[in-house]
Amino acid sequence: MSYVDEVLASVKAKNASEPEFIQAVTEVLESLRAVVDANEEKYRKYAVLERLVEPERIISFRVPWVDDKGEVHVNRAYRVEFNSAIGPYKGGLRFHPSVNQGILKFLGFEQVFKNSLTSLPIGGGKGGSDFDPKGKSDREVMAFCQSFMTELYRHIGKDTDVPAGDIGVGGREIGYLFGQYKRITGLYEGVLTGKGLTYGGSLARTEATGYGLIYILEEMLRHKGDSVKGKKAVISGSGNVAIYACQKAQELGARVITMSDSNGYVVDENGIDLAVVKDIKEVKRGRIKEYADRVPGASYHEGCSGVWGVPCDVALPCATQNEIDLESAKKLVENGCTSVAEGANMPSTLEASNYFLEKGLNYMPAKAANAGGVAVSALEMSQNSERLSWSFEEVDERLKGIMANIYRMTSEAASKYGHEGNFVIGANIAGFEKVAEAMIAQGIC
Ligand code: NDP
């Protein structure tokens, strides 16, 4: 049995109740076959793959908090510290009822390779809770965040583990979390990223994941003699990533015609009016359905997967994992979609992802495509260490450079191992090689 197959079999046996984690490991290890086979003796000797698929540490804790009626609730929370070979653990916190250990392990595992791809000194981690911020008052969210940090603070630090936002954790939550960390430890340090601009946040961090997604899409198309300009784009989600992907795509001349949330999606053939979306989602914390009530000509449709049946040139999944299954992938291709760039983490099932590759789409997987967010988080850490803040233009320029570099590394790694244009293989290999070398250099730990 090959080394990859042995480790895969063991991961499946040991983590049978964690399908998303098995899915992520399968995708990565399958695409590393060429590089692992070529260096099998070395990687086996140092048990690189066995160590790579096992988190260094998982912290699990309860979060008790009191709602506005005085009732006590208890949520379950985690921090998965996956791999610190190339830097302090770095990765977001997700607050969503679907959160469990397996989902955070898949996200933490992906984060290790993504962070390596940015070329910045950051290891991989992820955390969160099954708390649902939807429908909660600001005070309830604050009570939850304070209780969450009252346990988490002892496990994180500016040089050890630096969380950020993810689904359900935006500027408001990061503010409450930072305040509580400071209050308990007395330290004013860059222990979280995605902070507000008045207390150590970086300009362009809010925009970074969405902007980075469009920068790398543009780079991929440019190498084909094409561009984003004039393309009809379908976006899922209407949160942080979706909104700023839409903004940059529109700036570059694309026509974005959809946005969605977990209830349904809106179609606006005239092009999404982003000011309305921002007002609904960022100001009022409302539902995307309201868009159709406010914008003449727009329509609302119940259900999430229908958005992939809307004909387009470019699909940008920016909501959540496994939102595109094989059926949706087929619909996209049938309707003429030629490019897919993933804003969300693992939004395509393995079958959908393989289908895009088989059909020769311009397909940029999440690890490379959404790395702009964590890259600017690392730039926020640099600014915090320097006690300086850089201008929006400076951060944005660096982000552009980082995304172009990720494209180059991904594309070169794919070609080097005989899979030209396969950015899934390219991103995994490029991310893996640096982490593996660092793990070997640091001995068995
Ligand atoms: P937000 O919470 O800001 O927005 C999430 C959006 O996705 C909302 O519109 C939400 O709808 C929708 N959504 C969430 N869960 C589901 C679901 N189960 N089914 C359908 N729709 C869903 O999160 P972000 O924009 O920050 O994150 C979106 C994706 O991007 C995630 O996969 C995240 O891991 C990834 N990502 C985020 C980064 C960042 O910097 N924020 C960095 C890299 C990746 P509703 O309001 O109804 O829940």
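Here the structure is a predicted model, which means the values were calculated and not measured. Worth knowing before you read on, the calculation uses all heavy atoms, side chains too, and leaves out hydrogens, waters and symmetry mates. Counting starts at 1 for both ligands and their atoms, following the listed order.
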Enquirer: Using modelled atom types only, decide if a donor and an acceptor are shared between the side chain of Gln180 and the backbone of Tyr176 within a distance under 3.5 Å.
Expert: no
Enquirer: Could you check whether Phe82 and Phe113 have their ring centres less than 6.0 Å apart?
Expert: no
Enquirer: Students should be able to answer this: which protein heavy-atom is nearest to atom 23 (O) of ligand 1, and at what distance?
Expert: Ile167 CA, 3.4 Å
Enquirer: Need the ligand 1 atom indices (1-based, order shown) with element for anything under 4.0 Å from a heavy-atom of His96.
Expert: 15 (N)
Enquirer: Name the closest protein heavy atom to atom 2 (O) of ligand 1, giving the residue it belongs to and the distance to 0.1 Å.
Expert: Gly168 N, 3.0 Å
Enquirer: Before signing off on this row, confirm whether Ser238 and ligand 1 have an N or O atom pair separated by under 3.5 Å.
Expert: yes
Enquirer: Which residue supplies the protein heavy atom nearest to atom 4 (O) of ligand 1, what is that atom called, and how far is it?
Expert: Gly239 CA, 3.2 Å
Enquirer: Donor-acceptor pair, distance only, cut-off 3.5 Å: does the side chain of Lys281 make one with the backbone of Gly286?
Expert: yes
Enquirer: For the side chain of Asp226 and the backbone of Arg222, is there at least one donor-acceptor N/O pair under 3.5 Å apart?
Expert: no
Enquirer: Identify, for atom 25 (O) of ligand 1, the protein heavy atom at the shortest distance, and state residue, atom and that distance.
Expert: Val241 N, 3.0 Å
Enquirer: From the options Asn345, Val99, Val112, select the one residue that forms a side-chain contact (heavy atoms from CB on, under 4.5 Å) with Lys126.
Expert: Asn345
Enquirer: Just wondering, are more than 12 heavy atoms of other shown residues or ligands nearer than 6.0 Å to CZ in Arg76?
Expert: no
Enquirer: Check whether any heavy atom of Arg94 sits under 4.0 Å from an atom of ligand 1.
Expert: yes
Enquirer: Would Met259 count as a contact of ligand 1 if the rule is a heavy atom under 4.0 Å away?
Expert: no
Enquirer: Under 3.5 Å, is there a donor-acceptor pair between the side chain of Thr150 and the main chain of Gln146?
Expert: yes
Enquirer: Would you find a donor on one side and an acceptor on the other, under 3.5 Å apart, between the side chain of Asn370 and the backbone of Thr209?
Expert: no
Enquirer: Please find the pair of heavy atoms, one from Leu326 and one from Glu351, that lie closest to each other, and give the distance.
Expert: CD1-O, 3.8 Å
Enquirer: Considering only the protein, which heavy-atom contact is closest to atom 48 (O) of ligand 1, and what is its distance?
Expert: Lys134 NZ, 3.0 Å
Enquirer: Taking the six-membered ring where the residue is Trp, are the ring centres of Phe21 and Phe106 under 6.0 Å apart?
Expert: no
Enquirer: Checking Lys289 against Tyr300: charged group under 6.0 Å from the ring centre and within 45 degrees of the axis?
Expert: yes
Enquirer: Verify the contact flag for atom 10 (C) of ligand 1, where contact means a protein heavy atom under 4.0 Å away.
Expert: no
Enquirer: Taking the six-membered ring for Trp, are the ring centroids of Tyr407 and Phe423 within less than 6.0 Å of each other?
Expert: yes
Enquirer: Relative to the heavy atoms of Gly343, which atoms of ligand 1 are at a distance of less than 4.0 Å?
Expert: 30 (O), 35 (C), 36 (N), 44 (C)
Enquirer: Strictly under 6.0 Å, is that where the ring centroids of Tyr199 and Phe178 end up?
Expert: yes
Enquirer: Contact between ligand 1 and Ser260 is defined here as a heavy atom of the residue under 4.0 Å from a ligand atom; is it met?
Expert: yes
Enquirer: Tell me whether Gly170 reaches ligand 1 (any heavy atom closer than 4.0 angstrom to a ligand atom).
Expert: no
Enquirer: Of all the heavy atoms in Glu323, does at least one lie under 4.0 Å from an atom in ligand 1?
Expert: no
Enquirer: Please find the pair of heavy atoms, one from Ser98 and one from Ile103, that lie closest to each other, and give the distance.
Expert: O-CD1, 3.4 Å
Enquirer: Taking heavy atoms and a distance under 4.0 Å, where does Arg205 meet ligand 1: side chain, backbone, both or neither?
Expert: side chain
Enquirer: With a cut-off of 4.0 Å, which atoms of ligand 1 are near a heavy atom of Gly237?
Expert: 9 (O)
Enquirer: Taking the six-membered ring for Trp, are the ring centroids of Trp65 and Phe148 within less than 6.0 Å of each other?
Expert: no
Enquirer: What part of Ala319 sits under 4.0 Å from ligand 1 if we count only heavy atoms: the side chain, the backbone, both or neither?
Expert: both
Enquirer: What protein heavy atom lies closest to atom 34 (O) of ligand 1? Include the residue and the distance to one decimal.
Expert: Asp166 OD1, 2.6 Å
Enquirer: Provide the number and element of each atom of ligand 1 under 4.0 Å from a heavy atom of Cys304.
Expert: 20 (C)
Enquirer: Any atom of ligand 1 sitting under 4.0 Å from a heavy atom of Arg287?
Expert: yes
Enquirer: May I ask you to identify, for Thr209, whether its side chain, its backbone, both or neither come under 4.0 Å of ligand 1 on a heavy-atom basis?
Expert: side chain
Enquirer: Which residue holds the protein heavy atom closest to atom 41 (N) of ligand 1, what is that atom called, and what is the gap in Å?
Expert: Asn240 OD1, 3.6 Å
Enquirer: Can you name the atoms of ligand 1, numbered from 1 with element, that are less than 4.0 Å from a heavy atom of Ala344?
Expert: 29 (C), 30 (O), 32 (O), 35 (C)
Enquirer: Students should be able to answer this: which protein heavy-atom is nearest to atom 32 (O) of ligand 1, and at what distance?
Expert: Asn345 N, 3.1 Å
Enquirer: For ligand 1, is any non-hydrogen atom under 4.0 Å from Cys318's backbone (N, CA, C, O), its side chain (CB onward), both, or neither?
Expert: backbone
